[in-house]
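Data first, discussion second: the structure below is written as structure tokens.
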There are 2 protein chains.
Amino acid sequence: MSHTFGVRQAQKQRTRQALMDAALALLEEQSLSSLGLREVTRAVGVAPTAFYRHFRSTADLGVALVEEALGSLHPVLGDLMSAVGDNDELIQRAVELIARHVDAYPAHVRFIARERHGGVQSVREAIQGQLARFTEEVRTELGKRPETAGWSDDDRSMLAGLYVDQMLATASLFLEAHDGPEAERDRVTRLAGSRMRLISIGCRHWLD
Amino acid sequence: MSHTFGVRQAQKQRTRQALMDAALALLEEQSLSSLGLREVTRAVGVAPTAFYRHFRSTADLGVALVEEALGSLHPVLGDLMSAVGDNDELIQRAVELIARHVDAYPAHVRFIARERHGGVQSVREAIQGQLARFTEEVRTELGKRPETAGWSDDDRSMLAGLYVDQMLATASLFLEAHDGPEAERDRVTRLAGSRMRLISIGCRHWLD
DNA sequence: CCATGCAGTTAACAACTGTTCTCTGTCATT
DNA sequence: AATGACAGAGAACAGTTGTTAACTGCATGG
């Protein structure tokens, strides 16, 4: 049965993961459209032809990486927004969450930021799809909150998209400051907080 | 003298521009880190070695493209912001300006969006440098306007950065809708206007 | 008018790429 | 215990790449 994880299936999954990890490491200094299949297999220590047992192409690998980088983030975002609390507290928690995530998975964040507008169509579409899901989820969560009571759905979508874009921009800023001094990361923390706060103030007076 | 433009210098400039144009066209379907020098010269119809007469590497070409794409935009932005007028009118003009610019130079816009977080460090830095200049210019223009009277310089920088980021995001949205139906472009126009308006509302109540 | 500088050419190099076919060893099924 | 499926290895392929060297022809400055 296919759901049985024998020694065979386990080993296959392990090399698959090794390929994805190696690719992610190589992608820190280049973009996906220049990533060679042989380059990846060489880094793993496996024959070039073994690549085809797992992915049709490097673009295919990229799509899998998008899933790995963003797929598990949806419940996290849901937990964050459904947690009751004052708006400024929510902003502070969001910024801290992003900071911790960038610290834990910098290569994933870099990959998403890089390939969001990158040269591989299928990967771009995969990312856009995930971001659309995030926007939709933020939109429905906003509907449950008092700040956007009486808003049109279009306006709520607009605000949700703005927040999602802002989260990505914040993550990218944290990434740039990742290897820098701690003072720089603090600056980014304050900056991102200010930006979000300004947006939430605009949201509070939207219906005037 | 070097400032004399004889037949010689003119022809050199022409092939240099041809190389940049060809590269820009090729970069619509890939990223700079996978752009080959031979690929470019082949598209122009020139020998591969001729490339070295103009650029040290493709990364060097990329830096020149950044200058071409963003360098001439500074006075445009200055004119836009120094034009007197009510704030909502300014927003509308800005969105229309971006829409027209994307329509006129889609390849330039795609290039900047793609390589801003792309795989080539020197190009990334060149773009960040230009964007920092834009942010600085917007900051000083904001200082002349009444909306940010009494603000700290840090807060003004924060707002300027938010606007610059927003302009890039808007340009990217227009680019995605560039070959789509006109209704889609209208939707983007309204969306971008709403986002900017929400930010400007937040700006109006920042000091409460 | 002639000598020089230099944009662009030609040829060749070693190294690299994606892809195909054939083969091997071993886990999982019967 | 025998058999088939299948992850991975190995070798070979036609193309491609960046870079070097030595060249050619012509516009330009003295």
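We use all heavy atoms of the structure for the numbers below, so side chains are in, but hydrogens, waters and symmetry mates are not. Chain A is the first sequence line, chain B the second, and so forth, proteins listed ahead of strands; every chain is numbered from 1.
Between R93(A) and E96(A), no side-chain nitrogen of the basic residue sits less than 4.0 Å from a carboxylate oxygen of the acidic one, so the salt-bridge criterion is not met. One finds no salt bridge joining E182(A) and R185(A) here, because no Lys/Arg side-chain nitrogen approaches an Asp/Glu carboxylate oxygen to under 4.0 Å.
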I'd like a table of donor-acceptor pairs (distance under 3.5 Å, sequence neighbours excluded) in which one partner is a side-chain atom from residues 157-164 of chain A, with atom names and distances.
residue	atom	partner	partner atom	Å
S157(A)	OG	D153(A)	O	3.3

Could you list the donor-acceptor pairs under 3.5 angstrom formed between side-chain atoms of residues 20-30 of chain A and any protein atom two or more places apart in sequence or on another chain?
residue	atom	partner	partner atom	Å
D21(A)	OD1	Q17(A)	NE2	3.0
E28(A)	OE1	R110(A)	NH1	3.2
Q30(A)	OE1	S34(A)	OG	3.0
Q30(A)	NE2	E39(A)	OE2	2.8

Pairs under 3.5 angstrom only: tabulate donor-acceptor contacts from the side chains of residues 115-124 of chain A to other protein residues two or more places apart or in another chain.
residue	atom	partner	partner atom	Å
E115(A)	OE2	L32(A)	N	2.9
R116(A)	NH2	D165(A)	OD1	3.2
R124(A)	NH1	G118(A)	O	2.8

Please output the side-chain donor-acceptor pairs of residues 52-62 of chain A that fall under 3.5 Å, not counting sequence neighbours, one pair per line with the distance.
residue	atom	partner	partner atom	Å
S57(A)	OG	A59(A)	N	3.4
S57(A)	OG	D60(A)	N	3.3
D60(A)	OD2	R56(A)	N	3.3

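The salt bridge (Lys or Arg N to Asp or Glu O under 4.0 Å) test applied to R145(B) returns E147(B), not counting sequence neighbours. Listed by chain and number, the residues in a side-chain contact (heavy atoms from CB on, under 4.5 Å) with D154(B) are S152(B) (sequence neighbours excluded). Take R133(B) and apply the salt bridge (Lys or Arg N to Asp or Glu O under 4.0 Å) test, not counting sequence neighbours, and it matches E137(B). Evaluation of the salt bridge (Lys or Arg N to Asp or Glu O under 4.0 Å) rule for E176(A) yields no partner, not counting sequence neighbours.
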Short N/O separations, protein against nucleotides 26-28 of chain D, under 3.5 angstrom:
residue	atom	partner	partner atom	Å
dT28(D)	OP1	V7(B)	N	2.5
dT28(D)	OP1	R8(B)	N	3.2

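Residues from residues 16-33 of chain A with heavy atoms under 4.0 angstrom of DNA chain C: there are none. Of the residues in residues 35-48 of chain A, R38(A), V46(A), A47(A) come within less than 4.0 Å of DNA chain D through at least one heavy atom, sorted by number. Within a heavy-atom distance below 4.0 Å of DNA chain C, the residues of residues 49-60 of chain B found are T49(B), A50(B), R53(B), H54(B).
Heavy atoms only, all atoms of each residue included: P106(B) and L175(B) are closest at O-CD1, 3.6 Å.
As a whole-Å value, the separation of Q13(A) CD from dC6(D) C1' is 15 Å.
Between Y105(A) and H108(A), the ring planes are parallel. Angles under 30° get that label, and only those over 60° would be called perpendicular.
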